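Chain identifiers are assigned alphabetically (A, B, ...) following the order of the sequence lines, protein sequences preceding nucleic acid strands; residue numbering begins at 1 within each chain. This structure is a prediction, so every number in the text was calculated from the model and none was measured.
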Amino acid sequence: MLRVIGQQRQFYFITSLIFICIAEVFPMLTTNWTHFLIENIHASILNGDSGKLLITMFISIGRNLVIFFLIYMGAMLLIYSFIKDHTSNIFQILYAVAVLLFVFLYNRLYFEDHSMITHLILITSVLLLSNYIPKQKYFLLSYSIILVQIILSLLWLNLVPGISIFGFGTDDLSISVKTADAFLTTNKLLNTLSITFFILFIIIAAIYTSLISMYGKQINTLEKYQQKERELKNTRIALVESRIFKEIHTLVHDLKTPLVSIEGLISLMAISSTNERFKSYIQRIEGSVEKIKEMISEILYEEVRKQISVEDLIKYVTSNVGLDGKPIELQVIIEERLPDVFVNKIRLARAIMNVLENAILSIGERSGEIQLQVTKHTGGVLVRIEDNGPGIEKSTLDHIWDDGFSTKNSSGIGLPFVKKVVENHGGWVIVKSIPGNKTMVDLFIPTREVYSKEGTV
Amino acid sequence: MRKLTVSFCLIAIGVIYILFRVAEFPEHSVYSWPHLPAPIGKETVLITSAGQAPEGSVMEQIASQLHIDIDYRPRALATDLYEYQTLVFVIGFSSTSLVDMNRTFEGEIARVKELINEAKLKSIPIILIHLGGAGRMDPQTVQLLDIALPFSQYLIGLRSADYNGMIREMASMHNVPYTLVKGLQDIKTPFNSVFR
């Protein structure tokens, strides 16, 4: 993220330098353009052609628009590459100083006398209106459009003959055009045209800014609504989960009732029979009933734990995972002499099965490999599930633990369940992925001693 | 308010600048010569530019409208003065025109000085015309005025150019009679009075 921000700032800085350099050397690069303007002014005077003068006016304004747009935009990007908040006082001061400096430099380079009062008003207008541009995706584009409109309006103001005594329109081309117009039309043409265009562009700039500002506010409101909707959705999911959990809890609890009857009847049958073979069958049924009772307890109460070997746990997991005839090879590697773990077998097995089922789903119908490896790790055991599926994109990886998040139209509660179960056992889970290559899920389960000492790892 | 602080400061600076500018306006009305009481120049007239501003072309048209025998040669040299009886400088510095003609301001100053010297030698009267108005009072134009005024016999300009009284001050300092007119077309009467 920091590198992206740094690259963006570098980009703005370099672009600003390019803009400013082009602006400062623009007259040197466009000598033909300048020659055309001078020739046209002379020709309009000699031929009494106010139409030609009008064309010259527009072209001269276009030329100055390019130069000053590059200067203003360049100054803006230069300061923006260091200070992101364009409404802050420090940004605005630096911006004003930068623009005036570059205009001064331009004046010195070409012995020009571009009016500083015009640029003062320009800068003020730009700063005022830019306060209302929302800080959103197309900020620079909106800023550029407003800048063009304001520059155009002030360039036309420069051509109003009556305000020259206040320091407006003191650059060479403006004066030449005004003098030619004074001779040809006694300033009737320029007065009308320049005031009209000045007012027109100022109004357009103001309207555009207010539209952008309103649009920005609408976007903000929409984002807030979307955020509230997401929160509401999460609350609904949590409520539904809670209801489902309660229902399942009650159902599983109710399973105990028929089990009690079975237990009672089995005991009676054991007492009333003398057949040894019959008695051994009864014992096996009693054992199975006991196991079912333990499983029900583990489902109902997550804090119920039992010591179990890793081999038994993994055997239980793999016997309940179905490949459904898919061409996927499941390789199980268990390190020798692993310590026993103290876990809620049903829940932890369910969590590991969840990860395996995700791996199978990601590989899909094509052939693939899934490796389930259990090794010793400091303080416990590490269960690693690695598949050679399509992997997970980084943008998706950031959200896999979010409740309800799913890329396969499922409920999205699987991985959050895995994390919850493993963390309740004092362990941790990490997912790593190389898109297009593989995914690796590591689950750490601490041993009983470590868990008892530290509570969690 | 914080968002608009800098903008308000800039507005204040702008207002102060304009007030300073207005403060430079002369306290009382400008009274200048309406025209010369008697002609001081003879035809044929050489009109040349001092600074290469397009105002030279305007002066050429005005002189043609007055049917005065003129030649407009914006880059005339001292050696060209041999066939003329009056020298008219149209003062106005145009950086764009100079660059377009591949000339420098120093070269332009040198040319103007040579023309003035030659006119002095031949006792040719020098008339200064300034048509650029308030906008054409940049340092370079003022420098050209300063060079030419001591050797000139008459100055015609626009009132707007003299918004701060500088032209009057400079002309008075060198005892040069001056006429300041309101509009460009008003130049005709005083210019005509140079010859008729």
Is the shortest side-chain N to carboxylate O distance from A:Asp181 to A:Lys188 below 4.0 Å? no
If only side-chain N and O atoms count, and only distance matters, is there a donor-acceptor pair under 3.5 Å linking [Y] with [X]?
| X | Y | result |
| --- | --- | --- |
| A:Ser174 | A:Asn158 | no |
| B:Arg136 | A:Ser176 | yes |
| B:Gln85 | B:Glu43 | no |
| B:Thr48 | B:Tyr72 | no |
| A:Asn131 | A:Gln92 | yes |

Contact class of [X] relative to chain B, heavy atoms under 4.5 angstrom:
| X | answer |
| --- | --- |
| A:Ile38 | side chain |
| A:Tyr132 | side chain |
| A:Ile41 | side chain |
| A:Tyr110 | backbone |
| A:Ala96 | side chain |

Proximal component of [X], with respect to chain A [non-hydrogen, under 4.5 Å]:
| X | answer |
| --- | --- |
| B:Gln52 | neither |
| B:Phe93 | both |
| B:Leu10 | both |
| B:Ile13 | both |

Taking atom [atom1] as the centre, does [X] end up with more than 12 heavy-atom neighbours from other residues, nucleotides or ligands that are less than 6.0 angstrom away?
| X | atom1 | result |
| --- | --- | --- |
| A:Tyr208 | OH | yes |
| B:Lys42 | NZ | no |
| A:Phe111 | CZ | no |

For chain B, which residues of residues 49-80 of chain A have heavy atoms nearer than 4.5 angstrom: none
Using a 4.5 angstrom heavy-atom cutoff, name the option from [options] with the most pairs to chain B.
| options | result |
| --- | --- |
| A:Thr124, A:Leu173, A:Thr170, A:Ile121 | A:Thr124 |
| A:Asp113, A:Leu120, A:Leu46, A:Ile93 | A:Leu46 |
| A:Ile117, A:Thr34, A:Leu127 | A:Ile117 |

Between B:His35 and B:Phe191, is the gap from one ring center to the other below 6.0 Å? no
Would you mind telling me which of B:Ile18, B:Ile187, B:Leu131, B:Asp138 has the largest number of heavy-atom pairs within less than 4.5 Å of chain A? B:Ile18
Run the side-chain contact (heavy atoms from CB on, under 4.5 Å) check on A:Phe201 and A:Ile150 step by step: do they pass? CA-CA 7 Å; A:Phe201 281 112; A:Ile150 297 175; over 6 Å; no
Are side-chain heavy atoms of B:Leu77 and B:Arg111 found at a separation under 4.5 Å? yes
